[in-house]
Amino acid sequence: MQMIGDIPKLKPRAVDGHKGDYGKVCIIAGSVGMSGAAALAGRAALRAGAGLVRVATPKSVLPIVASIEPCFTTIALPEDGEGRISAKAIKIILEAAGENDAVAFGPGVGVSGALRSILGALLEQEALRLLIDADGLNNLAGITSWPARLKAKLILTPHPGEMRRLWSGLLREPLPAERQEQAVQFAQRTGAVVVLKGAGTVVTDGEKIYINKTGNPGMATAGSGDVLTGAITALCGQGLSDFDAAVLGVYIHGLAGDIAAQKIGQVSLIATDIIEALGDAFMRS
């Protein structure tokens, strides 16, 4: 196992660059009552440098999501009676996936059979760069033997509870007690890059491993994970490998949290403060 200490960097932007050069990303997120998750991930993707960001969300919450941030565009998706993305959205989602450099699925979407069907279709898209987080991971845990279907290039960003569900949904053996071992074994068995969140977030592809040292307890606040989702997806869209995008995303996310905590303290820190500090974090890295 190779321990990584150096933090990847983005290439300097060309003088004649345009927005299409810096990644087109799609964030599939949100449901009734969870519009903030979609908006946070989309806004974070913009602040992390993506040239074009589209947020695909149920049609009834789209006006709320769009009103929070004018710089991303939106895609209205069919929804079920509970305000979650419905199975009728599969065609729209697959078309959007094919038009973007990276896709994130999961923040605030809820859990349902239809969402598992949509996620299963995304997993089967050849060479799709796909990040799964939050409720996306809870839906993934309900898909039997999903690695056998996997054609996408996958990043998984579980917190410890989501890791337990993923592990028990796929493997018949006990979850290792040690966090690094959990992440490494799961990456090796699935072929995914795993970002196991928490104090000292672990990033691994099963061969390389990075232990993050930025961040603070103030970041244990609603929406912080959605910000990380947007940041990593944006870095994938800008051409970094999945592993490098995950390492830089985790590092920058934690550094932004540290910068924000220096200004307002850990107690008052909220997810939008992390987004607002991303610019300073990139300049310091």
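All heavy atoms count here, side chains included; hydrogens, waters and symmetry mates do not.
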Checklist outcome for this item: Which of Ile7, Val195, Val250, Leu255 passes side chain to side chain contact (heavy atoms under 4.5 Å, CB included) with Asn212? Answer is Val250
Item to check | ILVMFWY network linking Ile275 to Met219, side-chain heavy atoms under 4.5 angstrom | outcome: yes
Checklist outcome for this item: Cluster membership besides Val111, Ile/Leu/Val/Met/Phe/Trp/Tyr side chains within less than 4.5 angstrom, sorted by chain and number, is none
Item to check | Minimum side-chain heavy-atom gap Val109-Ser31 below 4.5 Å | outcome: no
Checklist entry - Are the side chain of Asn139 and the backbone of Leu115 linked by a donor-acceptor contact shorter than 3.5 Å? => result no
Checklist entry - Is there a donor-acceptor pair closer than 3.5 Å between any side-chain N or O of Arg129 and the backbone N or O of Cys236? => result yes
Checklist entry - Side chains of Thr57 and Leu77: does their closest heavy-atom pair fall under 4.5 Å? => result no
Checklist entry - So which heavy atom on Gln262 is nearest to which on Arg284, and how close? => result OE1-NH1, 4.0 Å
Next on the checklist: Between Ser145 (side chain only) and Ala148 (backbone N and O only), is there a donor and an acceptor less than 3.5 Å apart?
Outcome noted: no
Checklist outcome for this item: Applying side chain to side chain contact (heavy atoms under 4.5 Å, CB included) to Gln180 and not counting sequence neighbours gives Met3, Glu178, Val202, Ile209, Ile211
Checklist entry - Is the backbone N or O of Ala97 less than 3.5 Å from a side-chain atom of Asn100, with the two atoms forming a donor-acceptor pair by type? => result no
Checklist entry - Asp205 side chain to Lys208 main-chain N or O, any donor-acceptor pair under 3.5 Å? => result yes
Next on the checklist: So that I can tick it off, tell me whether Lys263 and Asp280 are bridged by a salt bridge, with the cut-off set at under 4.0 angstrom between side-chain N and carboxylate O.
Outcome noted: yes
Item to check | Between Arg165 and Asn138, a side-chain donor and acceptor under 3.5 Å | outcome: yes
Checklist entry - Can Thr229 and Asp133 be said to form a side chain to side chain donor-acceptor pair (under 3.5 Å), step by step? => result CA-CA 7 Å; Thr229 289; Asp133 181 41; 2.7 Å; yes
Checklist entry - side-chain hydrogen bond (donor to acceptor under 3.5 Å, both in side chains) with Ser224: which residues, sequence neighbours excluded? => result His253
Checklist entry - Are Arg47 and Glu69 ion-paired here, with the side-chain N under 4.0 Å from a carboxylate O? => result no
Next on the checklist: Using every non-hydrogen atom in the two residues, find where Arg43 and Ile68 come nearest and quote the distance to one decimal.
Outcome noted: NH2-O, 2.7 Å
Checklist entry - Are the side chain of Thr214 and the backbone of Tyr251 linked by a donor-acceptor contact shorter than 3.5 Å? => result yes
Checklist entry - How far apart are the closest heavy atoms of Thr204 and Phe243, and which atoms are they? => result CA-CE1, 3.9 Å
Checklist entry - Is it the case that Arg13 places NZ or CZ above or below the six-membered ring of Tyr22, under 6.0 angstrom from the centre and within 45 degrees of the axis? => result yes
Checklist entry - Where do Arg149 and Glu124 land on the salt bridge (Lys or Arg N to Asp or Glu O under 4.0 Å) test, with the steps shown first? => result CA-CA 6 Å; Arg149 303 170 57 181; Glu124 294 173 350; 2.8 Å; yes
